[in-house]
Amino acid sequence: MEKVTLKIFRYDPGKDSQPYYQNYIMELEPGITLLNGLNKVRATQDASLAYRMSCGSAICGSCAMKVNGHALLACKTQLCDLAKNGLVQIDPIGNMEVIKDLVVDLEPFWASLRKVRPYLVPDTLDNPELERKQTQKQFLLIDDVTTCILCASCYSDCNVLEVDNEFFGPATLAKAHRFIYDSRDAKAYDRLEQITELYGVWDCTHCGECSTRCPTETKPMARIEEIRQAVMEAEITNNNGARHVLGFRETVSKSGRLNENYLPARSVGFFNIPALLGLLPVGIRMFVKGKNPPLIHKSIEKVKEVKSIFSRLKKYRKIKPQHITKGDINRLDEDSISERKV
Ligand code: SF4
Ligand code: SF4
Ligand code: FES
């Protein structure tokens, strides 16, 4: 039978001065999952190997690990799909400290989730026995996000978290979405306001890694886009991200192209002197390298066509009800995300 080598990250902080890799050679049995393979290694070769597992059925979210550089669920992945060259490298999931071997300290992940009140806040607690019903259509708005199994694969591979561990992260933003779009939750506006703060929804760079790694239908990046849409519909625009969106729209709708001199100042705010001064060094560096955009901003040749697209969009936006208003019991329009992005 064909053989496969599992090259596994090993580290016991109480014993080892440095992490190292250990190779385990085993038979590549047909139909075996990576988790089955690890169980076999532990049962027959090395009982000291540490990793998390529970359900074996892609439900509990505990067996996430990095395989050949990307996070996945060991119990959901066939070993033969990974072992193309006879070698599979296995590391702990990223952006968290290692406790032992493939076991990481998940506390930063839980701490981030706690920031967004990951539970329903109903409009009244007067009648706790009250059944809070939803229509099927209302439930479909949150259906995808309710499949999240909190495996932290997205957290592990998020590029922003790699450089800034204050960022809320994809799973947390998806969890916020789950309650923002829940017809029974009374705090949609407050949730949206919180999430537009620094390290929130505007800090995502849209790399798509979280959606690619997510083993469920949650697909966090698409949910982040929907939160941004809700933020703009609620007119929560006193923040850099929303001003950036508005500035983008203003310049492209007028000239057909981005005015890169206007956009940075529009994003931070024209009267935000410290932030404007903060932009100066970049501007000077661009000037010295000859990369500054032209001072006179010109329209593109077919600007009329761009304008007509924007006027059609405006008409489309006008027929959208603004369901989120400050202080109200907030409800998002069921139809506003009828075309779900994945
Ligand atoms: S799309 Fe955003 S949240 Fe997702 S991995 Fe990339 S930066 Fe992180
Ligand atoms: S969003 Fe997907 S990848 Fe992230 S924790 Fe939930 S199930 Fe895991
Ligand atoms: S063991 Fe539960 S998700 Fe893999």
Side-chain angles (χ1 to χ4, degrees), residues 32-40 42 50-67 69-79 82 90 92-96 102-104 106-116 118 142-179 181 195-196 198-229 231 241 244 340-342:
I32 191 174
T33 63
L34 173 59
L35 186 61
N36 295 148
L38 288 171
N39 287 343
K40 200 156 192 190
R42 196 160 60 175
Y51 52 92
R52 282 196 178 101
M53 63 157 288
S54 181
C55 68
S57 313
I59 295 167
C60 72
S62 59
C63 68
M65 49 192 74
K66 269 200 179 193
V67 180
H70 299 290
L72 50 71
L73 290 184
C75 69
K76 201 184 177 210
T77 313
Q78 290 288 303
L79 192 49
L82 302 167
I90 306 165
I93 47 173
N95 294 328
M96 281 165 280
L102 304 177
V103 178
V104 299
L106 284 157
E107 181 47 31
F109 178 68
W110 304 127
S112 169
L113 273 173
R114 284 194 291 268
K115 282 187 205 158
V116 294
I142 55 170
D143 188 16
D144 292 344
V145 194
T146 56
T147 64
C148 173
I149 55 171
L150 300 175
C151 66
S153 293
C154 56
Y155 192 96
S156 156
D157 286 21
C158 172
N159 300 303
V160 174
L161 278 165
E162 220 169 293
V163 292
D164 186 352
N165 60 12
E166 296 282 349
F167 176 47
F168 282 27
T172 298
L173 293 173
K175 188 61 81 183
H177 174 292
R178 187 242 171 280
F179 294 104
Y181 278 86
I195 225 163
T196 53
L198 195 61
Y199 310 123
V201 72
W202 296 114
D203 281 27
C204 158
T205 58
H206 266 204
C207 70
E209 198 62 15
C210 53
S211 288
T212 310
R213 300 299 146 217
C214 179
T216 71
E217 292 309 307
T218 308
K219 310 298 178 207
M221 192 183 86
R223 306 295 83 85
I224 290 168
E225 281 179 28
E226 287 167 355
I227 297 174
R228 288 177 174 183
Q229 187 184 328
V231 167
H244 187 84
R340 303 304 297 267
K341 295 170 197 148
V342 176

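Numbering of ligands and ligand atoms starts at 1, following listing order.
- Contact annotation for Leu173 and ligand 1: no heavy atom of the residue comes within less than 4.0 Å of the ligand.
- Using a 4.5 Å heavy-atom threshold, the side chains of Phe109 and Leu150 count as touching.
- By heavy-atom distance, the residue among Gly169, Ala222, Cys207, Ser156 lying nearest atom 6 (Fe) of ligand 1 is Cys207.
- Side chain of Lys175 to backbone of Val116: no donor-acceptor contact under 3.5 angstrom is found.
- A heavy-atom distance below 4.5 Å is not found between the side chains of Thr218 and Cys210.
- Those atoms of ligand 2 that come under 4.0 Å of a heavy atom in Leu150, given as number and element, are 5 (S), 6 (Fe).
- Contact check on Arg223 versus Asp144 returns a salt bridge, with a Lys/Arg side-chain nitrogen under 4.0 Å from an Asp/Glu carboxylate oxygen.
- Within ligand 2, counting atoms from 1 as listed, the ones closer than 4.0 Å to a heavy atom of Ala152 are 5 (S), 8 (Fe).
- Using modelled atom types, one finds a donor on one side chain and an acceptor on the other under 3.5 Å when comparing Thr172 with Ser112.
- Residues Val104 and Leu106 have side chains in contact (heavy-atom distance under 4.5 Å, counting atoms from C-beta outward).
- Within the protein, the N, O or S atoms sitting under 2.8 Å from atom 2 (Fe) of ligand 2 are Cys214 SG.
- Excluding waters, the set of protein N, O or S atoms lying under 2.8 Å from atom 2 (Fe) of ligand 3 comprises Cys55 SG, Cys60 SG.
- Between Ile195 and Leu173 the shortest side-chain heavy-atom distance falls below 4.5 Å.
- If you check the side chains of Asn39 and Tyr51, you find a donor sitting under 3.5 Å from an acceptor.
- Atom 8 (Fe) of ligand 1 has Cys158 SG, 2.4 Å as its closest protein atom, hydrogens excluded (heavy atom only).
- At least one side-chain heavy atom of Val231 sits less than 4.5 Å from a side-chain heavy atom of Trp202.
- Proximity of Val67 to Thr77: side-chain heavy atoms (C-beta onward) are nowhere separated by under 4.5 Å.
- Heavy-atom proximity to Val160, at under 4.0 Å, picks out these atoms of ligand 1: 7 (S).
- Of all the atoms in ligand 1, the ones that sit under 4.0 Å from a non-hydrogen atom of Thr205 are 2 (Fe), 7 (S).
- Contact of the Asp203 side chain with the Glu166 side chain is not registered, since no non-hydrogen atoms from C-beta on lie closer than 4.5 Å.
- The protein atom (non-hydrogen) at minimum distance from atom 2 (Fe) of ligand 1 is Cys204 SG, 2.4 Å.
- Atoms of ligand 1 found under 4.0 Å from any heavy atom of Ile224 (numbered from 1 in listed order, with element): 3 (S).
- Between the CG atom in Leu73 and the OG1 atom in Thr33 there is a gap of 11.0 Å [rounded to 0.5 Å].
- Of the candidates Asp157, Leu72, Ile90, Lys66 forms a side-chain contact (heavy atoms from CB on, under 4.5 Å) with just one, namely Asp157.
- Contact annotation: the side chain of Leu38 never approaches that of Met53 to less than 4.5 Å [non-hydrogen atoms, C-beta and beyond].
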